[in-house]
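Values below: every heavy atom of this structure, side chains too, minus hydrogens, waters and symmetry copies. Here the structure is a predicted model, which is why all the values come from computation and not from measurement. To find a chain, count down the sequence lines: A is the first, B the second, and so on, and within it residues start at 1.
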Protein chains: 2
Amino acid sequence: MISALHQFKAEFFKALGHPVRLAILDALRQGEQSVSRLAEELGLEQPSVSQQLAVLRQRGLVIARKEGTTVHYRIADPQVYVFLDLGRAIFERHLKSQSNQLSALQEGLSRS
Amino acid sequence: MISALHQFKAEFFKALGHPVRLAILDALRQGEQSVSRLAEELGLEQPSVSQQLAVLRQRGLVIARKEGTTVHYRIADPQVYVFLDLGRAIFERHLKSQSNQLSALQEGLSRS
DNA sequence: TGATTATATTCAGAATATCTTATATTGCAA
DNA sequence: TTGCAATATAAGATATTCTGAATATAATCA
């Protein structure tokens, strides 16, 4: 059975399934950052950053703090970094095993 | 800067960002399962299950083992479950804090 | 060989997501 | 008030993903 929980969890993972959003979260490891600073740091247009921040905000992953005309964003739950780092570890093992399989395959091919 | 690593990691998260794929991974906690068994268990058509298994396979998340006409799938790396469970914990805290905010908001509204 | 079972792939259409550019909003300062 | 800076939102074009139906492949068995 596909539970409603799977639906919600999928939304959560989807929020992380975008390179710019991952880059934003990584940039926020240093602490709170304004939109323009993030845009500069990541080499992106302001609207792109703002849009992806909106996605992260809607999913409750980041929190906005307004100060004059500038808006500072920070991570909502630092546990997310534990999670991302674990994901990275798993992901890197995958890469390694895939490249092993690839080189084994290449050896096999070159031998035949 | 958006690194190539962010691209790859986003692909990994995207693979998890689908309710059926999460349900399949959960079903595989019990161990290896055939496609037809998964389809029955999840109440889905065989082609749907096969399609989502293909996505998980391409991303290296599951491994297929053929036996006669049936194909058995298993998780490639059990660490993924640690990861999913951590995601679940974070996600549930989010839900809770969001529902707290929601009820606070509702109280505020009903008082005014 | 022909029939059957299990799985995989393909395809068209619908729904979503993304990107770029333009515009709106907000707060502040001259 | 006017102008400016920072951010958000909107609109449109394009790309990606999903879904469901049909079909293909592959192994087994009569």
Side-chain angles (χ1 to χ4, degrees), chain A residues 1-4 6-25 27-28 32-74, chain B residues 1-4 6-25 27-28 32-76:
Chain A
M1 290 298 132
I2 310 293
S3 65
H6 285 138
Q7 288 279 355
F8 285 116
K9 275 176 81 172
E11 291 300 311
F12 178 71
F13 284 115
K14 255 193 255 180
L16 299 175
H18 190 288
V20 170
R21 295 197 288 268
L22 288 178
I24 288 174
L25 291 176
L28 293 181
E32 225 184 37
Q33 310 253 5
S34 71
V35 176
S36 53
R37 191 144 192 299
L38 284 170
E40 188 187 4
E41 207 172 323
L42 304 177
L44 298 169
E45 299 301 316
Q46 174 269 319
S48 307
V49 175
S50 213
Q51 280 170 352
Q52 302 309 333
L53 280 169
V55 174
L56 293 172
R57 191 163 18 91
Q58 282 155 20
R59 298 290 199 285
L61 285 162
V62 299
I63 294 171
R65 180 177 66 84
K66 210 164 185 176
E67 187 185 355
T69 64
T70 93
V71 179
H72 301 276
Y73 280 89
R74 66 174 186 280
Chain B
M1 291 297 134
I2 311 293
S3 65
H6 284 138
Q7 289 278 355
F8 285 116
K9 275 176 79 170
E11 292 299 311
F12 177 70
F13 284 116
K14 256 192 252 179
L16 298 175
H18 190 289
V20 170
R21 294 197 288 268
L22 288 178
I24 288 174
L25 291 176
L28 293 181
E32 226 184 36
Q33 311 253 3
S34 71
V35 176
S36 53
R37 191 144 193 296
L38 284 170
E40 188 187 5
E41 206 173 324
L42 304 177
L44 297 169
E45 298 301 318
Q46 174 269 320
S48 307
V49 175
S50 211
Q51 279 171 354
Q52 302 308 332
L53 280 168
V55 174
L56 293 171
R57 190 165 17 95
Q58 281 155 21
R59 299 289 199 283
L61 285 162
V62 298
I63 293 172
R65 180 177 67 84
K66 208 163 184 177
E67 186 185 354
T69 65
T70 93
V71 180
H72 302 275
Y73 280 90
R74 65 174 187 278
I75 195 85

Determine the contact category for [X]: base if any of its heavy atoms lies under 4.0 Å from a base atom, sugar-phosphate if only primed atoms, P, OP1 or OP2 are that close, otherwise nothing.
{"X": "A/Arg37", "result": "nothing"}
{"X": "A/Gln51", "result": "base"}
{"X": "A/Gln52", "result": "sugar-phosphate"}
{"X": "B/Ser34", "result": "sugar-phosphate"}
{"X": "B/Ser50", "result": "base"}

Residue [X], side-chain atoms from C-beta onward, closest of [options]:
{"X": "B/His18", "options": "D/dT19, D/dA6, C/dA8", "answer": "D/dT19"}
{"X": "A/Thr69", "options": "C/dT9, C/dT26, D/dA8", "answer": "C/dT26"}
{"X": "B/Arg57", "options": "D/dT7, C/dA8, C/dT18", "answer": "C/dA8"}

d([atom1], [X]; [atom2], [N]) in whole Å:
{"X": "B/Leu44", "N": "C/dT7", "atom1": "CG", "atom2": "P", "answer": "14 Å"}
{"X": "A/Leu56", "N": "C/dT18", "atom1": "CG", "atom2": "P", "answer": "11 Å"}
{"X": "A/Leu38", "N": "D/dA8", "atom1": "CG", "atom2": "P", "answer": "10 Å"}
{"X": "A/Glu41", "N": "D/dA6", "atom1": "CD", "atom2": "C1'", "answer": "17 Å"}
{"X": "A/His72", "N": "D/dA8", "atom1": "NE2", "atom2": "P", "answer": "11 Å"}
{"X": "A/Leu53", "N": "D/dA6", "atom1": "CG", "atom2": "C1'", "answer": "13 Å"}
{"X": "A/Ile24", "N": "C/dT18", "atom1": "CD1", "atom2": "C1'", "answer": "14 Å"}
{"X": "B/Phe13", "N": "D/dT17", "atom1": "CZ", "atom2": "P", "answer": "17 Å"}

query = When you match A/Lys14 and B/Thr70 each to their closest nucleotide on DNA chain C, which lands nearer the 5' end?
reply =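 Its nearest nucleotide lies further toward 5', so the answer is B/Thr70.
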
ask   = Considering heavy-atom distances to DNA chain C, does A/Glu11 or A/Lys66 have its closest nucleotide positioned more toward the 5' end?
value =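 By nearest-heavy-atom nucleotide position, the 5'-most residue is A/Glu11.
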
key: pair A/Leu44-A/Val20: side-chain heavy atoms closer than 4.5 Å   =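 Yes, close enough: below the 4.5 Å cut-off.
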
task = Decide yes or no for A/Leu56 and A/Tyr73: does some side-chain heavy atom of the first lie under 4.5 Å from some side-chain heavy atom of the second?
result = no

ask   = Within the structure, does a side-chain N or O atom of B/Arg21 lie under 4.0 Å from either OP1 or OP2 of D/dT17?
value = no

request  = Please check the phosphate of C/dT7 (OP1 and OP2 only) for any side-chain N or O of B/Ser36 closer than 4.0 Å.
outcome  =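 For B/Ser36, the contact criterion (side-chain N or O under 4.0 Å from OP1 or OP2 of C/dT7) is met.
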
task = Can you see which heavy atom on A/Leu22 is nearest to which on B/Ala10, and at what distance?
result =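 For A/Leu22 versus B/Ala10, the nearest heavy atoms are CD1-N, 3.5 Å.
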
ask   = CZ of B/Phe13 to CZ of A/Arg21: how many Å apart, nearest 0.5 Å?
value = 11.5 Å

Residue whose nearest DNA chain D nucleotide is more 5′ - B/Val55 or B/Glu45 = B/Val55

query = Between A/Tyr73 and B/Gln46, which is nearer to the 5' end of DNA chain D once each is assigned its nearest nucleotide?
reply = A/Tyr73

Ion pair B/Glu67/B/Arg65, N-O distance below 4.0 Å =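 Yes, this pair counts.
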
query = Can A/Glu40 and A/Arg37 be counted as an ion pair, charged N to O under 4.0 angstrom?
reply =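 Salt bridge between A/Glu40 and A/Arg37, a charged N being under 4.0 Å from a carboxylate O: no.
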
